[in-house]
Number of protein chains: 2
Amino acid sequence: MSSPAPAGKAPAGAARPAGAASGKDVRLAAEAWESLFRSQVAVMRRLQSGPAFKKLPVKEYDVLFTLSRCPTGKLRLNEINDHVLLSQSSLSRLVDRLEKRGLVERSIAPEDGRGILLGLTEAGVALQKEIGREHVRDIAELLLPALSATEQQELMRLTEKLRSGLPD
Amino acid sequence: MSSPAPAGKAPAGAARPAGAASGKDVRLAAEAWESLFRSQVAVMRRLQSGPAFKKLPVKEYDVLFTLSRCPTGKLRLNEINDHVLLSQSSLSRLVDRLEKRGLVERSIAPEDGRGILLGLTEAGVALQKEIGREHVRDIAELLLPALSATEQQELMRLTEKLRSGLPD
DNA sequence: CCAAACTAGATGCATTTGCATCTATCGCCC
DNA sequence: GGGCGATAGATGCAAATGCATCTAGTTTGG
């Protein structure tokens with residue numbers, strides 16, 4: 001495993017406070033996470049080695065993509081940050097790079113002088129679409145042979161439920 | 001989205017070669033991957049900010065964990081590398097760090113003079129167990145409220161199937 | 001209304017990462 | 001058996017990352 005890890009085990013017949021998880025529950029959760037994590041790694045590894053990401057690293061594409069999905073076309077940096085597995089400072093510099101390449105534009109948030117709104121430029125929209133097309137094709141090539149449509153739907157349902165059931 | 005991205009759309013009634021995916025199939029696959037990816041990010045973000053990973057970064061823990069699961073207790077670097085989202089050189093240096101901390105030991109693979117076998121030291125075993133215990137607890141805290149046992153099992157089944165259905 | 005606590009984002013600096021390359025061993029085929 | 005391409009892993013070096021900190025704008029409490 002990568003991020004998950006079972007390690008200890010509870011004494012066999014230990015009584016536990018009402019509402020606490022049993023050892024079995026805990027083990028199942030750890031295995032489920034492990035499996036989710038490993039499959040994500042395996043898919044991501046293949047995706048990012050494809051030709052679609054020679055033009056732009058995956059993480060940078062992800063920001064363009066996120067912006068492209070947003071109805072208003074602009075997002076605050078902190079909103080983007082929740083989406084991505086990057087520290088605040090790394091995102092700030094990643095955006096610097098995107099801006100230097102003319103793919104995004106920073107502007108000051110109207111309602112909050114501290115905030116920065118990020119939007120795609122024309123070139124950013126174009127590049128996102130271009131890479132996106134290839135990327136979607138690659139995803140389908142990986143997932144379609146492995147899971148049926150029904151299974152993909154169920155996987156989507158479960159992962160969405162997981163995400164929305166997290167604290168905060 | 002982060003890594004996945006829908007972008008283009010196929011001309012409406014386009015005839016396609018037998019066996020090719022429909023636009024609908026492709027879109028579903030992209031959405032399923034997106035959802036899997038985002039939920040992984042959301043869970044990982046919470047896990048790695050916990051106290052369990054002050055002692056050792058997640059990626060380094062992952063290597064200790066992987067070794068701890070292996071029946072023989074030793075693995076080749078390239079085997080570990082498939083497991084992890086890291087380049088070969090990064091893994092090599094990560095192992096340097098673990099070795100300097102006395103958590104793992106390199107040895108030459110008996111059957112292949114090029115290969116390196118990696119094994120946990122006593123200290124490595126101990127630290128893995130220690131962090132592992134906390135980590136499993138954290139995982140359970142996140143997953144148990146979000147998904148039922150049945151759902152966790154189904155999620156595990158689907159992600160395992162996905163992983164084993166990938167090319168190579 | 002002002003000061004103190006808080007939040008959004010930028011920046012200095014040490015660490016980590018990846019790409020390209022290098023070394024050493026292996027497997028193959030003549 | 002000797003050369004030749006392939007594979008495992010290490011290393012130089014530039015780029016990316018995270019932590020701590022800094023700056024600036026915002027909110028709160030008196």
**Asked** B/Asp112 CG to D/dA8 C1': how many Å, rounded?
**Response** 7 Å
**side-chain hydrogen bond (donor to acceptor under 3.5 Å, both in side chains) partners of residues 107-121 of chain A, not counting sequence neighbours, each pair once** = A/Asp112-A/Arg114
**Side-chain (B/Asn81) to main-chain (B/Leu86) donor-acceptor, under 3.5 angstrom** = yes
**Prompt:** Taking the side chain from A/Glu79 and the backbone from A/Arg76, do they hold a donor-acceptor pair closer than 3.5 Å?
**Reply:** yes
**Asked** With B/Asp82, which residues qualify under side chain to side chain donor-acceptor pair (under 3.5 Å), at least two apart?
**Response** none
**Request:** Rounded off to whole Å, could you give me the CG-to-C1' distance for the A/Asn81 and C/dA8 pair?
**Result:** 11 Å
**Asked** Whole-Å distance between D/dG9 C1' and B/Leu98 CG?
**Response** 16 Å
**Request:** State which residues pass side chain to side chain donor-acceptor pair (under 3.5 Å) with B/Glu105; sequence neighbours excluded, sorted by chain then number.
**Result:** none
**Request:** Return yes if the base of D/dT26 and the side-chain atoms of A/Arg114 contain a donor-acceptor N/O pair under 3.5 Å, otherwise no.
**Result:** no
**Item:** Distance in Å, A/Lys54 NZ paired with A/Ser49 OG, rounded so as to fall on 0.5 Å steps
**Value:** 7.5 Å
**Request:** Specify the separation, in whole Å, of atom CZ of B/Phe53 and atom P of D/dC19.
**Result:** 14 Å
**Nearest-neighbour nucleotide for the B/Leu77 side chain, D/dA6, C/dG9, D/dG9 considered** = D/dG9
**Prompt:** Is it true that B/Leu28 and B/Leu162 fall in one hydrophobic cluster, defined by side-chain heavy atoms closer than 4.5 Å?
**Reply:** no
**Message:** Between A/Glu160 and A/Arg157, does any side-chain N to carboxylate O distance fall below 4.0 Å?
**Reply:** no
**Item:** Residues within residues 103-111 of chain A bordering DNA chain C, heavy-atom distance below 4.0 Å
**Value:** A/Arg106
**Request:** May I have the distance from A/Glu99 (atom CD) to C/dG9 (atom P), rounded to whole angstrom?
**Result:** 13 Å
Pick out the pairs of N or O atoms, protein on one side and nucleotides 2-5 of chain C on the other, that lie under 3.5 Å.
none

**Donor-acceptor contact below 3.5 Å, side chain B/Gln48 vs main chain B/Val58** = no
**Message:** Would you say A/Ser89 and A/Ser92 are linked by a side-chain donor-acceptor pair, where the criterion is simply a distance under 3.5 Å?
**Reply:** no
**Prompt:** Rounding to a whole Å, what distance do you find between B/Ile116:CD1 and D/dA8:P?
**Reply:** 12 Å
**Item:** Interatomic distance where CG belongs to B/Leu75 and P belongs to D/dG9 [whole Å]
**Value:** 11 Å
**Request:** Indicate whether OP1 or OP2 belonging to D/dG9 is found under 4.0 Å from a side-chain N or O atom of B/Asn78.
**Result:** yes
**Message:** In this structure, how many angstroms lie between the P atom of C/dT25 and the CG atom of B/Leu117, rounded?
**Reply:** 16 Å
**Asked** Between A/Arg76 and A/Lys54, which is nearer to the 5' end of DNA chain C once each is assigned its nearest nucleotide?
**Response** A/Arg76
**Asked** Can you give one letter per nucleotide of nucleotides 11-18 of chain C, 5' to 3': B if a protein heavy atom sits under 4.0 Å from the base, S if only from the sugar-phosphate, - if neither?
**Response** BBB--SBB
**Message:** Between A/Lys161 and A/Leu158, is there a side-chain heavy-atom distance shorter than 4.5 Å?
**Reply:** no
**Message:** I'd like to know if the side chain of A/Ser39 pairs up with that of B/Thr159 as donor and acceptor (distance under 3.5 Å, no hydrogens or angles considered).
**Reply:** no
